[in-house]
Amino acid sequence: MERTFGIIKPDAVKNGFSGKIIDRIESEGFKIIGMRKLSLSKADAEKFYAVHKERPFYGELVAFMTTGPVVVLCMQKDNAVKAWRDLMGATNPADADANTLRKLYAESIEANAVHGSDSLENAKIEIEFFFSDKDLVA
Ligand code: ADP
Ligand code: MG
């Protein structure tokens with residue numbers, strides 16, 4: 001069974017949507033095998049999003065991700081990476097399909113409620129960024 005990584009971003013936590021998002025994750029058939037609420041340091045946010053370093057929104061993205069606590073998640077399901085991306089919806093909530101998490105809960109293209117790994121390879125890297133093996137309970 002595949003694993004993926006997700007973040008409930010500061011906007012969604014602040015707006016009181018963590019519980020609704022977790023409920024939806026479980027009702028869509030994901031098993032949550034790791035979950036933690038934490039505040040990202042600037043250094044952690046910079047490292048996590050280093051792949052976007054050259055993009056014009058990098059500085060703002062790092063600043064946004066440190067505005068408040070987040071919830072980090074490791075989720076398991078068949079085809080978890082694609083299933084979680086589909087459940088999240090498009091990066092810009094204006095373009096997201098009805099009933100996706102970003103359509104329901106995002107504020108803007110930046111404050112877009114959730115993060116999700118974009119490949120199996122990155123899921124492994126991102127899971128290891130936040131969780132050690134003993135934190136993951138299937
Ligand atoms: P996704 O999160 O859908 O994989 P990207 O990896 O392209 O999207 O971008 C990472 C994050 O950077 C987005 O989720 C969003 O928070 C932010 N972002 C992306 N594009 C923009 C943009 N044009 N302006 C501001 N923030 C952006
Ligand atoms: Mg991405």
Side-chain angles (χ1 to χ4, degrees):
M1 189 111 43
E2 202 166 288
R3 291 177 177 182
T4 193
F5 174 77
I7 304 179
I8 304 175
K9 293 187 180 184
D11 60 307
V13 172
K14 177 195 71 192
N15 290 329
F17 296 140
S18 304
K20 287 182 167 64
I21 292 170
I22 291 164
D23 186 28
R24 183 72 185 279
I25 289 168
E26 293 192 320
S27 68
E28 296 286 344
F30 293 88
K31 187 167 187 180
I32 295 171
I33 61 172
M35 179 163 62
R36 196 149 52 92
K37 187 172 184 178
L38 56 94
S39 292
L40 282 173
S41 67
K42 185 163 179 275
D44 280 346
E46 284 172 347
K47 196 172 161 207
F48 183 77
Y49 279 118
V51 49
H52 296 308
K53 214 163 23 198
E54 307 307 327
R55 294 173 80 175
F57 56 80
Y58 176 68
E60 282 179 27
L61 175 61
V62 167
F64 162 64
M65 290 300 289
T66 58
T67 54
V70 300
V71 177
V72 295
L73 296 152
C74 180
M75 297 165 283
Q76 189 167 284
K77 190 185 197 297
D78 285 334
N79 298 311
V81 171
K82 181 178 188 304
W84 175 234
R85 295 290 306 190
D86 287 349
L87 181 57
M88 291 199 306
T91 307
N92 186 346
D95 302 329
D97 288 343
N99 213 28
T100 58
L101 294 173
R102 282 168 165 168
K103 179 58 93 184
L104 291 169
Y105 302 122
E107 291 182 352
S108 66
I109 190 170
E110 177 182 84
N112 60 0
V114 282
H115 165 84
S117 308
D118 60 8
S119 66
L120 197 52
E121 184 190 1
N122 284 333
K124 190 170 183 300
I125 293 167
E126 292 177 357
I127 290 165
E128 285 173 2
F129 192 91
F130 287 101
F131 296 104
S132 61
D133 277 347
K134 68 174 169 39
D135 297 325
L136 301 175
V137 186

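Because only heavy atoms are used, hydrogens play no part in the values below, and waters and symmetry mates are left out as well, while side chains stay in. Counting from 1, the numbers follow the sequence of the chain as shown. Order of appearance sets the numbers: ligands from 1, and atoms from 1 within every ligand.
- Here the options are V114, I25, I7, I33, the test is side chain to side chain contact (heavy atoms under 4.5 Å, CB included), and the partner is L73; only I25 passes.
- F130 and F5 have parallel rings, their planes meeting at less than 30° on a 0 to 90° scale where 60° marks the start of perpendicular.
- Annotation: side-chain hydrogen bond (donor to acceptor under 3.5 Å, both in side chains) contacts involving residues 64-76, sequence neighbours excluded, comprise R3-Q76.
- The closest non-hydrogen atom to atom 2 (O) of ligand 1, taken over M65, M88, R102, comes from R102.
- Counting heavy atoms under 4.0 Å from ligand 1, residue I109 touches it through both backbone and side chain.
- For ligand 1, the polar-atom distance check against N112 finds a nitrogen or oxygen pair separated by under 3.5 Å.
- Distances below 4.0 Å separate heavy atoms of K9 from the following atoms of ligand 1: 13 (C), 14 (O), 15 (C), 16 (O).
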> Stepwise, does the side-chain contact (heavy atoms from CB on, under 4.5 Å) test hold for E107 with K14?
Replying inline: CA-CA 11 Å; E107 291 182 352; K14 177 195 71 192; 3.6 Å; yes
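- Protein heavy atom nearest atom 11 (C) of ligand 1, with residue, atom name and distance: L61 CD2, 3.9 Å.
- Summary of contacts: the protein heavy atom closest to atom 16 (O) of ligand 1 is E110 O, 2.8 Å.
- Atom 3 (O) of ligand 1 has its closest protein heavy atom at T91 OG1, 2.5 Å.
- Within the structure, ligand 1 has H52 among the residues with a heavy atom less than 4.0 angstrom away.
- In terms of protein heavy-atom proximity, atom 25 (C) of ligand 1 is nearest to F57 CB, 3.6 Å.
- Listed by atom number, the atoms of ligand 1 under 4.0 Å from R55 heavy atoms are 7 (O).
- I125 belongs to no multi-residue hydrophobic cluster, having no ILVMFWY side-chain contact under 4.5 Å with any other such residue.
- A cation-pi arrangement is present between K77 and F30, with the terminal nitrogen or guanidinium carbon under 6.0 Å from the aromatic centre and inside a 45° cone about the axis.
- The local environment of NZ in K103 is crowded, with over 12 non-hydrogen atoms from other residues, nucleotides or ligands closer than 6.0 Å.
- Nearest non-hydrogen protein atom to atom 4 (O) of ligand 1 is R85 NH1, 2.9 Å.
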> H115 and Y49: side-chain contact (heavy atoms from CB on, under 4.5 Å), yes or no, with the steps?
Replying inline: CA-CA 11 Å; H115 165 84; Y49 279 118; 3.7 Å; yes
